[in-house]
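Order of the sequence lines sets the chain letters (A, B, ...), proteins ahead of strands, with each chain counted from 1.
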Amino acid sequence: MDNKKHSQTKKQQFWLMKTEPSCYAIDDLKREKVGMWDGVRNYQARNMLRDDMRVGDRVLFYHSNIEPVGIVGIAEVVREAYPDPTQFDVKNEHYDAISTKENPRWVAVDVKFVKKFIIPCTLASLKNDSFFNDMVVTQKGMRLSVQPVLKKHYERIITRHAS
DNA sequence: GCCAACGTTGGC
DNA sequence: GCCAACGTTGGC
């Protein structure tokens, strides 16, 4: 059905994940060390979390709705997809009345804090560099809260901001 | 199953 | 606060 059994041998992948810092910021993850990435309510993003994201994958941590918007640090996937508890919590803003425990619609992953950039990698700087022209975030914006990232893009960003 | 209308998102 | 882009909804 899926290839979870092969996850250990799969190559490391790279992602970009969006959050509004007023809701959950890189400093929150830094303090908690490991954070639950919950509240994703978009099917495309859900499918990537559920089907593709593996332990050991690296995540570019992106802040939206703040000046400046951009990547502010790095995280690492430490637990693969499991049912997102917020979908069952009536008091949670992400509560989903349709979802059942037998057949949950939404998943969460756990990520671990790796690094906070001293200087954020702003969206504007990515748009200004043609090397990043084929990045999802420079093309389609941040409508997709979980995006795959090419290794070359990840490495260039790391080289510039995390050394 | 198409697609127009509608709501939401998020950069600016 | 504006508005373009996108996802979702619902009538047919």
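Contact check of residues 85-104 of chain A against DNA chain B (heavy atom, cut-off under 4.0 Å) returns no residues at all. A heavy atom lying under 4.0 Å from DNA chain B marks the following residues of residues 63-72 of chain A, by number: A:Ser64, A:Asn65, A:Val69.
Atom C1' of nucleotide B:dG10 and atom CG of A:Asn42 are separated by 14 Å, given to the nearest angstrom. Rounded to whole Å, the distance from CG on A:Asn128 to P on B:dC12 is 10 Å. At whole-Å resolution of the value, CZ in A:Arg143 and P in B:dG11 are 10 Å apart. Between A:Met135 atom CE and B:dG11 atom C1' the separation is 16 Å, expressed in whole Å. Put simply, CE on A:Met142 is 16 Å from C1' on B:dC12, counting in whole angstrom units.
Relative to the six-membered ring of A:Phe88, A:Lys101 meets both conditions, a distance below 6.0 Å and an angle of at most 45° to the axis. Because its NZ or CZ atom is not both nearer than 6.0 Å to the ring centre of A:Tyr154 and within 45° of the ring axis, A:Arg58 does not count as a cation-pi partner of that residue.
Side-chain nitrogen and oxygen atoms of A:Lys140 include none within less than 4.0 Å of the OP1 or OP2 phosphate oxygen of C:dC6. Side-chain nitrogen and oxygen atoms of A:Tyr43 include none within less than 4.0 Å of the OP1 or OP2 phosphate oxygen of C:dC6.
Under the 4.5 Å side-chain heavy-atom criterion for ILVMFWY residues, no single connected hydrophobic cluster contains both A:Val107 and A:Val78. A continuous path of Ile, Leu, Val, Met, Phe, Trp and Tyr side chains, each step under 4.5 Å between heavy atoms, connects A:Ile71 with A:Ile74, placing both in one hydrophobic cluster.
Ring geometry for A:His153 against A:Phe131 counts as perpendicular: the plane angle is over 60°, on a 0 to 90° scale with 30° as the lower cut. In this structure, A:Trp37 and A:Tyr24 have perpendicular ring planes: the angle between them is above 60°, well past the 30° mark.
No donor-acceptor pair closer than 3.5 Å links the side chain of A:Ser99 to the backbone N or O of A:Asp96.
Centroid-to-centroid, the aromatic rings of A:Tyr43 and A:Trp106 come within less than 6.0 Å.
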